[in-house]
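To find a chain, count down the sequence lines: A is the first, B the second, and so on, and within it residues start at 1. Everything numeric in this text was worked out from a predicted model, so none of it was measured.
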Amino acid sequence: DQQVKQNSPSLSVQEGRISILNCDYTNSMFDYFLWYKKYPAEGPTFLISISSIKDKNEDGRFTVFLNKSAKHLSLHIVPSQPGDSAVYFCAASDQTGANNLFFGTGTRLTVIP
Amino acid sequence: DSGVTQTPKHLITATGQRVTLRCSPRSGDLSVYWYQQSLDQGLQFLIQYYNGEERAKGNILERFSAQQFPDLHSELNLSSLELGDSALYFCASSPGLVNEQFFGPGTRLTVL
């Protein structure tokens, strides 16, 4: 049972425009959410995170929004750059203290120059 | 470069065999995690070690086992391999029991 879902397997955006990647989760015990970026032949790289006590976290061009009532989060990249082309994974951890991550299946972002 | 190293990078073996994947965490990191990524799937958590002790278990098969050694490196042992075990295996580490994990480049296992 996939507790973290990324329903869009791919997304194409023009350079300079906004990229919006979406993620939904089902487990209400999740209290910490992360986004990872993955290039081919490399491991995932941590990008940005948000705690469930916040609804927005910003780091440079990257902003993550959390809507707890809808169990939905999104990653905004503004402006998008060709180097942002990668697979983006949403991940969540719960309150059990084990801090292992539950990952979505990823969204492949292509930024067109 | 995350500072997490994994060896080997690629591994090709036959069904029924046993393999060992190795992970060296970032300097100072006490927690090591193992994840499996099958084709078109997200990463599935297998097991976590913290300072040598097993901390959490996910969807790890009984044919799989892991350990973390005193120098904090970790090994994932996969035995009686089946075709469906073909996947990317990632190791990650973190300083303690925190959420931001740093991933190695992965080991691609192919079972023929």
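Contact annotation: the side chain of A/Phe103 never approaches that of B/Phe45 to less than 4.5 Å [non-hydrogen atoms, C-beta and beyond]. At least one side-chain heavy atom of B/Leu43 sits under 4.5 Å from a side-chain heavy atom of A/Pro44.
Counting heavy atoms of neighbouring residues, nucleotides and ligands inside a 6.0 Å radius, atom CG of B/Leu112 exceeds 12 of them. Within a 6.0 Å radius of NZ in A/Lys5, no more than 12 heavy atoms belonging to other residues, nucleotides or ligands are found. For CG of B/Asn59, the number of neighbouring non-hydrogen atoms (other residues, nucleotides, ligands) closer than 6.0 Å is 12 at most.
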Exercise. Apply side-chain hydrogen bond (donor to acceptor under 3.5 Å, both in side chains) to the pair A/Tyr36 and B/Glu100, showing each step before the final yes or no.
Key: CA-CA 10 Å; A/Tyr36 281 82; B/Glu100 287 83 2; over 6 Å; no
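Hydrophobic clustering of Ile, Leu, Val, Met, Phe, Trp and Tyr side chains at less than 4.5 Å, counting indirect connections, unites A/Val4 with A/Leu11. The hydrophobic clustering, which links ILVMFWY residues whose side-chain heavy atoms are closer than 4.5 Å, places A/Phe62 and A/Val64 together. Cluster annotation: B/Phe64 and B/Val111 are assigned to the same hydrophobic cluster (Ile/Leu/Val/Met/Phe/Trp/Tyr, side-chain heavy-atom contacts under 4.5 Å, transitive).
When heavy atoms are compared at a cutoff of 4.5 Å, B/Gln6 does not approach chain A at all. Heavy-atom distances place the side chain of A/Gln2, and not its backbone, under 4.5 Å from chain B.
Taking CG from A/Leu101 and CD from B/Gln44, the interatomic distance works out to 12.0 Å, rounded to the nearest 0.5 Å. Atom NZ of A/Lys38 is separated from atom CZ of B/Phe103 by 10.5 Å, given to the nearest 0.5 angstrom.
The minimum heavy-atom distance linking A/Phe46 with B/Gln101 is given by the pair CB-O, 4.4 Å.
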